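To keep things clear, I will list the structure first and then write my remarks on it.
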Amino acid sequence: MIKSKVDILISTYAIFLLFFVHGYDCKIVQFIFGDSLSDVGNNNYLSKSLARASLPWYGIDFGNGLPNGRFSNGRTVADIIGDSMGLPRPPAFLDPSLNEDIILENGVNYASGGGGILNVTGSYFIQKFGLYKQIELFQGTQELIKAKIGKAKADKFFQEAQYVVALGSNDFINNYLMPIYSDSWTYTDDTFIQHLMETLRKQLTLLHGLGARHLMVFGLGPMGCIPLQRVLSSSGGCQDRTNKLALSFNRATSQLISDLSSSLPNATYKFGDAYDVVNDLISNPNKYGFTNSDLPCCSFGRIRPALTCIPASTLCKDRSKYVFWDEYHPSDSANELVANELIKKLGFKPINQTGSASPAPAMAPAPGGN
């Protein structure tokens with residue numbers, strides 16, 4: 001009788017162990033490459049970086065309400081899309097707790113505020129990861145996982161994973177459109193976009209060589225309408241040239257993704273373009289339940305641009321009604337609208353059936369407001 005119970009326990013444990021190990025083979029995770037619109041904390045671990053979301057009131061509507069590295073009051077677009085697909089939220093690559101088991105369960109986010117397609121982009125932020133550096137870090141991640149579970153299982157793991165690449169706005173706003181960068185006088189609008197496409201083609205091809213088979217590239221929104229661009233214009237309106245650059249970038253990137261999808265073996269590459277809906281949101285905020293689409297919710301009174309949200313800033317009374325959180329970045333509510341548009345356009349379906357979408361955060365009371 002005792003032996004029978006022991007045998008049962010051993011058999012049960014063996015079945016559990018097989019299921020657990022098999023889970024490593026089957027669970028689909030995501031790897032995210034991007035800039036501040038997708039950063040979940042990497043820059044907070046870069047001690048010299050000038051692009052950090054480490055101060056209140058960043059993260060006020062996320063989790064415990066403390067800064068978590070996201071450049072918003074709440075979730076990123078990648079957070080929301082991943083949630084809808086039942087994918088775990090990948091931690092920042094520089095998170096000290098990251099290890100092989102966490103990578104296998106959750107994937108990794110390499111996004112870095114200030115980063116761009118080009119290495120030189122955002123250099124005045126001192127520390128940031130551009131896309132080439134993020135891919136290099138991903139290569140290191142792969143070596144760790146291969147050492148953990150073997151090459152065959154690791155190859156399968158990375159080929160089944162989902163990939164997000166979301167960069168480009170910094171290449172314009174924090175490079176080409178700033179006269180301190182040589183790119184501003186080296187290229188014309190058309191040749192600069194061609195330069196970006198040539199670089200991005202190499203980067204996405206490199207990712208394919210590392211196993212990326214299911215990949216989505218985000219397009220740019222009307223970046224000439226972010227509060228920072230408006231306040232720098234004489235009229236306070238959107239910067240037309242900047243918006244035209246975003247549209248040109250989106251057309252070129254869409255064509256690039258189409259070319260790569262047809263030429264790279266087993267590649268399912270998608271282009272996520274939400275320019276039109278964001279442009280309509282900014283032009284007609286009331287249509288979408290917003291009341292303000294030109295000012296940041298978190299601002300430093302009449303001193304603009306303050307560039308970042310700081311503890312001395314004043315918050316708007318209802319953050320769910322503002323399109324922009326700070327001078328650069330959308331609010332959680334705007335990110336949700338963008339994410340839902342991309343989910344609808346691209347037909348994303350749940351992947352991990354055990355996953356469930358996280359609800360939109362409840363807005364905490366504003367500490368002061370206008």
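Just so you know, these numbers use all the heavy atoms, side chains as well, and skip hydrogens, waters and symmetry mates. Owing to the predicted nature of the structure, the values given are computational and were not obtained by experimental measurement.
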Flag for [Y]-[X]: side-chain donor and acceptor within less than 3.5 Å:
X	Y	value
N250	T253	no
T141	Y110	yes
N43	S112	yes
N175	D183	yes
N340	E336	no
R251	S254	no
T188	T191	yes

Which value, rounded to the nearest 0.5 Å, describes the distance between [X] atom [atom1] and [Y] atom [atom2]?
X	Y	atom1	atom2	value
T242	L247	OG1	CG	11.0 Å
I310	D326	CD1	CG	11.5 Å
I80	L337	CD1	CG	9.5 Å

For this session: Give a yes or no on whether K345 atom NZ has more than 12 heavy-atom contacts from other residues, nucleotides or ligands under 6.0 Å away.
Result: yes

Exercise. Do the rings of Y176 and F192 sit parallel, tilted or perpendicular, given the 30° and 60° boundaries?
Worked result: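 Geometry flag for F192 against Y176: parallel rings.
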
For this session: Describe, in one word, how the ring planes of Y269 and H208 are oriented to each other, choosing from parallel (under 30°), tilted (30 to 60°) and perpendicular (over 60°).
Result: perpendicular

For this session: Kindly say whether the aromatic ring centers of F129 and F33 come within a distance under 6.0 Å.
Result: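 Centroid separation for F129 and F33: 6.0 Å or greater.
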
Exercise. Do H329 and F324 have ring centres separated by under 6.0 Å?
Worked result: no

Exercise. Using a side-chain heavy atom cutoff under 4.5 Å and only I, L, V, M, F, W and Y, what cluster partners does W185 have?
Worked result: none

For this session: Determine, using the 4.5 Å side-chain heavy-atom cutoff (strictly less than), whether L131 and L206 are members of one ILVMFWY cluster.
Result: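 Same cluster.
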
For this session: May I ask you to decide whether D79 forms a salt bridge with R70, counting only side-chain N to carboxylate O separations under 4.0 Å?
Result: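 Looking at R70 together with D79, the answer is yes, because their closest N to O distance falls below 4.0 Å.
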
Exercise. Does a salt bridge link D61 with R319, judged by any charged N lying under 4.0 Å from a carboxylate O?
Worked result: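 R319 and D61: salt-bridged.
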
Problem set entry | Heavy-atom donor-acceptor pair, Y181 side chain to S123 backbone, under 3.5 Å | yes

Problem set entry | Of N174, N170, D171, the residue whose pairing with T121 passes side chain to side chain donor-acceptor pair (under 3.5 Å) |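 It is D171; the other options fail the test.
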
